[in-house]
2 protein chains.
Amino acid sequence: MKRNAKDFDMELLFRALADETRLRLLNLIGNDEVCVCYLVEALRTSQPKISRHLAYLRRAGVVEARREGKWMHYRVVEPADTYARKIFQELCLWLMQDQKMQRDRARLAKLCCTPQPPVQLQGAPRPLRIAAER
Amino acid sequence: MKRNAKDFDMELLFRALADETRLRLLNLIGNDEVCVCYLVEALRTSQPKISRHLAYLRRAGVVEARREGKWMHYRVVEPADTYARKIFQELCLWLMQDQKMQRDRARLAKLCCTPQPPVQLQGAPRPLRIAAER
DNA sequence: AGTACATATTCGTTTAAGCGAATATAATTC
DNA sequence: GAATTATATTCGCTTAAACGAATATGTACT
């Protein structure tokens, strides 16, 4: 019954997940580590908007960031709480099969693999996992 | 892959769950059917507040209501979507073990079983499951 | 019909979040 | 060290949502 464990703030988690842009970001990051510029391009939206939502996710403990020179890489952090983690994992399964999310991922993949990437992305570090595949 | 199934609105579900009062309500209702007046008493808060949050949950498809005379009974409706249902069920497990939620349930149980219920509850139909236990 | 009671809704206000535009910060390059 | 690039933050505004207080609706009872 874990009587001593500090109770997890489930409401905070749900608030973090209750926004389309943030769900799309989590979907794109997946279990990879993705540079902000790729997220901006893949979602075709403004950089400040992406940055603000990433900050929100970070405050909620859902993602962490790593700096690499001028680039910032974001990765998902699974919740420490057992129940929250299961919820999160189930959400990931949903993201995988949702059609809009699939389209987002396809767009990201295309950005990563195209021989002529948009100007914004030239020289930018590609997502780790995808980069590893080549 | 269910290509034809209309994609579930996961964001809507999370918004419904991203509020403490609504989580507490879902916790109290559980898999029972509970009269509004019991919810008001158990959460020690105003009746309009409870009513508004129940309306919110109903719009989000998370609960349904049944009228019985002047009383309204609310019950939880598990999401049709497989992933959403699993998330919901996992949330229920979390509710069961969370200490604050346990206290809420204890307060409701006490209201149901006390020989001298508060004036507001005299004559009100008790939660089905608890009523059935006696 | 009229009163009483349970619940729902509206009103006015406050607060949290979202956004685009502009600006600030931090690292890199020249 | 000045310019460039990537990202973060701030500003002003708009919208959603929460709240208490007041009011409306619906049902029951006399």
Side-chain angles (χ1 to χ4, degrees), chain A residues 9 11-12 14-25 29 33-60 63-75 111 117-127, chain B residues 9 11-25 29 33-60 62-75 111 117-127:
Chain A
D9 187 347
E11 187 194 339
L12 180 65
F14 284 137
R15 274 208 308 270
L17 301 179
D19 177 275
E20 193 196 1
T21 305
R22 291 195 286 273
L23 289 179
R24 294 176 75 190
L25 284 171
I29 300 175
E33 202 194 37
V34 183
C35 177
V36 174
C37 53
Y38 273 90
L39 299 172
V40 171
E41 286 298 311
L43 293 190
R44 304 164 182 277
T45 181
S46 78
Q47 176 269 319
K49 177 172 168 177
I50 297 299
S51 198
R52 273 187 310 239
H53 281 294
L54 287 171
Y56 194 126
L57 287 172
R58 198 161 31 161
R59 281 195 302 274
V63 304
E64 281 179 358
R66 177 179 67 87
R67 183 176 278 283
E68 178 187 334
K70 44 188 179 178
W71 291 283
M72 288 291 272
H73 296 264
Y74 281 82
R75 64 184 172 286
L111 286 173
V119 196
Q120 309 291 351
L121 295 183
Q122 292 175 12
R126 276 178 306 182
Chain B
D9 188 347
E11 187 193 341
L12 180 66
L13 174 64
F14 285 137
R15 275 208 308 271
L17 301 179
D19 178 275
E20 194 196 1
T21 305
R22 291 195 286 273
L23 289 179
R24 293 176 77 191
L25 285 171
I29 300 174
E33 201 194 37
V34 184
C35 177
V36 174
C37 55
Y38 273 91
L39 299 172
V40 171
E41 285 298 312
L43 293 189
R44 305 164 181 280
T45 182
S46 78
Q47 176 268 318
K49 176 172 170 178
I50 297 298
S51 198
R52 274 186 310 240
H53 281 293
L54 288 171
Y56 194 126
L57 287 172
R58 198 162 29 159
R59 280 195 303 273
V62 180
V63 303
E64 280 178 359
R66 176 178 67 87
R67 182 176 279 284
E68 177 185 334
K70 44 187 179 180
W71 292 284
M72 289 290 273
H73 297 263
Y74 281 82
R75 64 185 173 285
L111 287 173
V119 197
Q120 309 290 352
L121 295 183
Q122 291 174 14
R126 276 179 305 182

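Lettering of chains follows the sequences in order, A, B, ..., and the numbering in each one begins at 1. All values reported here derive from a predicted model rather than from experimental measurement.
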Atom CZ of A/Phe14 and atom P of C/dA17 are separated, to the nearest Å, by 16 Å
Touch class at under 4.0 angstrom, heavy-atom based, for A/Ser51 against every strand present: base
d(B/Leu17 CG, A/Leu17 CG) to nearest 0.5 Å is 10.0 Å
Value for CD (A/Glu64) from CD1 (A/Ile29), rounded to nearest 0.5 Å, stands at 11.5 Å
**Q.** Salt-bridge present (A/Arg66, A/Glu68; N to O < 4.0 Å)
**A.** yes
Taken in chain and number order and not counting sequence neighbours, the residues that satisfy side-chain contact (heavy atoms from CB on, under 4.5 Å) with B/Arg58 are B/Val63, B/Ala65, B/Met72, B/Tyr74
Rounded to whole Å, CD1 of B/Ile50 lies from P of C/dT9 at a distance of 15 Å
A/Leu43 CG to C/dC19 P, in whole Å, measures 11 Å
Do the side-chain N or O atoms of A/His73 get closer than 4.0 angstrom to the phosphate oxygens (OP1, OP2) of D/dT7? no
The nucleotide from C/dT7, D/dT9, D/dC19 with an atom nearest the side chain of A/Ala55 is D/dT9
Considering only heavy side-chain atoms of B/Arg58, the closest of C/dA8, D/dT7, C/dC19 is C/dA8
In whole angstroms, the gap separating C1' of D/dT7 from CZ of A/Arg66 amounts to 15 Å
Does a distance-only test, which skips hydrogens and angles, find a donor-acceptor pair under 3.5 Å between the side chain of B/Gln47 and the base of C/dA6? no
A/Lys49 NZ to C/dA22 P, in whole Å, measures 18 Å
Rounding to 0.5 Å, atoms OG1 (B/Thr21) and CZ (B/Arg52) come to a distance of 10.0 Å
query: For A/Arg15, does its backbone N or O pair with a side-chain atom of A/Arg22 as donor and acceptor, under 3.5 Å?
result: yes
Could you tell me whether the phosphate oxygens of D/dA6, OP1 or OP2, come under 4.0 Å of any side-chain nitrogen or oxygen in A/Tyr74? no
Separation of D/dA18 atom P from B/Leu54 atom CG, nearest Å, is 13 Å
From CZ of A/Arg44 across to C1' of C/dG20 the rounded distance in Å is 20 Å
Dump the pairs, protein N or O against N or O of nucleotides 10-17 of chain D, anything under 3.5 Å, distances to one decimal.
residue, atom, partner, partner atom, Å
D/dT10, O4, A/Arg52, NH1, 3.2

Go through the steps to decide whether A/His53 and A/Asp19 satisfy the test side-chain contact (heavy atoms from CB on, under 4.5 Å), and finish with yes or no.
CA-CA 9 Å; A/His53 281 294; A/Asp19 177 275; 3.4 Å; yes
Just the atom pairs and distances: protein N or O near nucleotides 27-29 of chain D's N or O, under 3.5 Å.
none

Of the candidates C/dG18, D/dA18, D/dA6, the side chain of A/His53 sits closest to C/dG18
Distance col, row A/Leu12:CG vs B/Glu20:CD, nearest 0.5 angstrom, shows 12.5 Å
In whole angstroms, the gap separating C1' of C/dA17 from CD of B/Glu11 amounts to 12 Å
Distance col, row A/Leu54:CG vs A/Arg59:CZ, nearest 0.5 angstrom, shows 11.0 Å
In this structure, CD1 of A/Ile50 is separated from CZ of A/Arg44 (nearest 0.5 Å) by 12.5 Å
